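Below is one structure, written out as structure tokens, with a few remarks after it.
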2 protein chains.
Amino acid sequence: MLELRLVQGSLLKKVLESIKDLVSDANFDCSSTGFSLQAMDSSHVALVSLLLRSEGFEHYRCDRNLSMGMNLGNMSKMLKCAGNDDIITIKADDGSDTVTFMFENPSQDKIADFEMKLMDIDSEHLGIPDAKYHSIVTMPSDEFSRICKDLSSIGDTVVISVRKEGVKFSTTGDIGTANVVLRQNTTVDNPEDAIVIEMNEPVSLSFALRYINSFTKATPLSETVTISLSSELPVVVEYKVAEMGYIRYYLAPKLEEEVDSNY
Amino acid sequence: MLELRLVQGSLLKKVLESIKDLVSDANFDCSSTGFSLQAMDSSHVALVSLLLRSEGFEHYRCDRNLSMGMNLGNMSKMLKCAGNDDIITIKADDGSDTVTFMFENPSQDKIADFEMKLMDIDSEHLGIPDAKYHSIVTMPSDEFSRICKDLSSIGDTVVISVRKEGVKFSTTGDIGTANVVLRQNTTVDNPEDAIVIEMNEPVSLSFALRYINSFTKATPLSETVTISLSSELPVVVEYKVAEMGYIRYYLAPKLEEEVDSNY
DNA sequence: TGCTAGTGGT
DNA sequence: ACCACTAGCA
């Protein structure tokens, strides 16, 4: 028996909007710890890792570990039927091949429940080692989104370089080149507006903007984004989910050979 | 060496949005006077003339006259990457075949530079004689835009007639006819809302709405628009660009024969 | 190509 | 809080 009651249902709606374009089907794993998901994108290049800790739910009952395979497109369709202020409850009976989403509106005069078929998905659950990163950049998520969107109108690959002075996003395309430089800025009215650059070692890595732009679908979830970079390691783009967890996106850098192969 | 610093960068963004649908490639001419452009539209029917006077720039350095051929679509793509509050600087080195657009955001923690290839464009720079017009109508630009958009859902040609009583916009199409009459109105709270009709001689001329509707892309640049009409002369549709210049569109009237040939 | 929904600016 | 514009969909 599984019953997870999330007061701020809009979080789950946003989480699905943040994942569904990247991953079509995935297993949600429920344990006493929380509600989580780990999946590769359809082209097997990027990895998404979601965690919603049990403490974040108003009510969290998970009798035994459960892995529920869902089509994220269908799940998103159903969650779109929840109002942004609705309380969402996820329910599954033991041994059932369905999951139920229940939506209660704030005035408590409407209760909707949507039942969805589960599917069998074989997932390779990758252990993600906790690495020490060369550089970690924290910045307003909308600014990161804007920069990546802007650059993708010029080129298809972004080079992210972190130096002591700041972080530079660069691209090259048919019509020209573009460089956006951000320097650390912690003297802001609102701490969410800060640009914090934690550079242990300078780093410069290339990534396909196509994937990065998919990651920025999570922008509505958090005011800030954290980008962790190390040479030869996948970049981690992390958005916190309120006080209850995170979405992390992993993407391997393009190797120099591949970058040069743009000829 | 060329370096033009425009504090209100949104002006340049709007200027490009106002031109790029009409003209695909054009030379920007820089002199000590200012930054200007003159170009025919791709079908060689309408003419655009832009002037941004040097005094309007915070910093204006133009060592010698320079004509820079640009693809306006690509230039517009790059300017879209500037925020509306950004300061835009246009730079070009002598003899360089590129131009650089630099964007600084208000909080000065982000600097972007975009480099674009210049192109060779042979332009016939037409001298536009300063004519005396039979009638000059000044009105709110959004009202002019709305009228032309409305009329183009009925017909494809607008007849603009100025009499002492006012100005009339008329069209005819398969489904019927439409007439919009504006009378002079200077008793308004806001001078920008005034409709001023300066009629020296009555005039009635026909124009292709397709072009006029392209002209109204400049509506965001100015609250008011000025339409100058004379028989047998191209109409001039002018939008002021802040305190620093103007965009003027010229379009020859349809001759009566051509109007009748719509059968 | 027109509409509608979402977002950003006033 | 409203309106206008843009982008995505039918």
Side-chain angles (χ1 to χ4, degrees), chain A residues 9-18 20-22 73-74 76-86 140-154 189-190 192-193 209-210 213-223 225 239, chain B residues 7-21 72-73 76-88 103 105-107 110 140-156 173-175 178 189-190 192-193 208-225 239 242:
Chain A
S10 61
L11 287 182
L12 194 62
K13 287 166 62 93
K14 288 177 191 163
V15 161
L16 252 99
E17 292 309 300
S18 310
K20 71 160 216 284
D21 289 343
L22 214 50
N74 293 341
S76 160
K77 268 190 193 168
M78 291 193 168
L79 291 180
K80 284 219 173 96
C81 302
N84 279 326
D85 303 322
D86 283 7
S141 59
D142 55 356
E143 184 148 31
F144 178 61
S145 169
R146 174 69 199 266
I147 290 169
C148 296
K149 196 161 71 58
D150 283 350
L151 293 190
S152 60
S153 75
I154 310 294
D189 293 343
N190 189 327
E192 324 278 84
D193 294 334
L209 276 165
R210 183 188 146 204
N213 278 326
S214 273
F215 301 168
T216 60
K217 292 273 157 66
T219 304
L221 274 168
S222 173
E223 295 279 302
V225 62
Y239 298 82
Chain B
V7 174
Q8 202 181 151
S10 60
L11 286 181
L12 194 62
K13 286 167 63 93
K14 288 178 191 163
V15 160
L16 252 98
E17 291 310 299
S18 309
I19 304 180
K20 71 160 215 288
D21 289 343
L72 300 187
S76 161
K77 264 192 191 171
M78 291 192 166
L79 292 180
K80 285 220 173 93
C81 301
N84 279 327
D85 302 322
D86 284 4
I87 297 170
I88 298 183
F103 311 140
N105 74 344
S107 48
K110 174 171 151 192
S141 59
D142 55 355
E143 183 149 29
F144 178 61
S145 168
R146 177 66 200 267
I147 290 169
C148 296
K149 196 160 72 58
D150 285 350
L151 293 190
S152 62
S153 74
I154 310 293
D156 53 18
D174 296 339
I175 67 168
D189 294 344
N190 190 328
E192 324 278 86
D193 295 334
L209 276 165
R210 182 185 147 205
Y211 293 101
I212 305 280
N213 278 325
S214 273
F215 302 168
T216 61
K217 291 273 155 64
T219 303
L221 273 169
S222 172
E223 295 279 306
T224 62
V225 62
Y239 298 83

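As the structure is a prediction and not an experimental result, all values here were calculated from the model. Just so we're on the same page: letters track the sequence lines, and every chain starts at 1.
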>> My understanding is that only residues two or more places apart in sequence, or in another chain, count here; which of them pass ring pair (Phe, Tyr, Trp, His ring centres under 6.0 Å) with B:Phe215?
In response: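 Ring pair (Phe, Tyr, Trp, His ring centres under 6.0 Å) check on B:Phe215 returns B:Tyr249.
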What is the distance from [atom1] of [X] to [atom2] of [N], rounded to the nearest Å?
X: A:Glu17; N: D:dA7; atom1: CD; atom2: P; result: 19 Å
X: A:Lys80; N: D:dG8; atom1: NZ; atom2: P; result: 13 Å
X: A:Lys217; N: D:dA7; atom1: NZ; atom2: P; result: 14 Å
X: B:Asn84; N: C:dT10; atom1: CG; atom2: P; result: 7 Å
X: B:Asp142; N: D:dC5; atom1: CG; atom2: P; result: 9 Å
X: A:Lys77; N: D:dC9; atom1: NZ; atom2: P; result: 13 Å
X: B:Gln8; N: C:dG9; atom1: CD; atom2: C1'; result: 14 Å
X: B:Glu223; N: D:dA4; atom1: CD; atom2: P; result: 12 Å

> Going through the checks in order, is the salt bridge (charged side-chain N to carboxylate O under 4.0 Å, His left out) test met by B:Asp150 and B:Arg146?
Replying inline: CA-CA 6 Å; B:Asp150 285 350; B:Arg146 177 66 200 267; 3.0 Å; yes
> Does a donor on one side chain and an acceptor on the other come within less than 3.5 Å for A:Ser76 and A:Glu17?
Replying inline: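 On atom types as modelled, these side chains qualify, holding a pair under 3.5 Å.
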> For B:Lys217, which residues count as a side chain to side chain donor-acceptor pair (under 3.5 Å) partner, sequence neighbours excluded?
Replying inline: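 B:Asp21.
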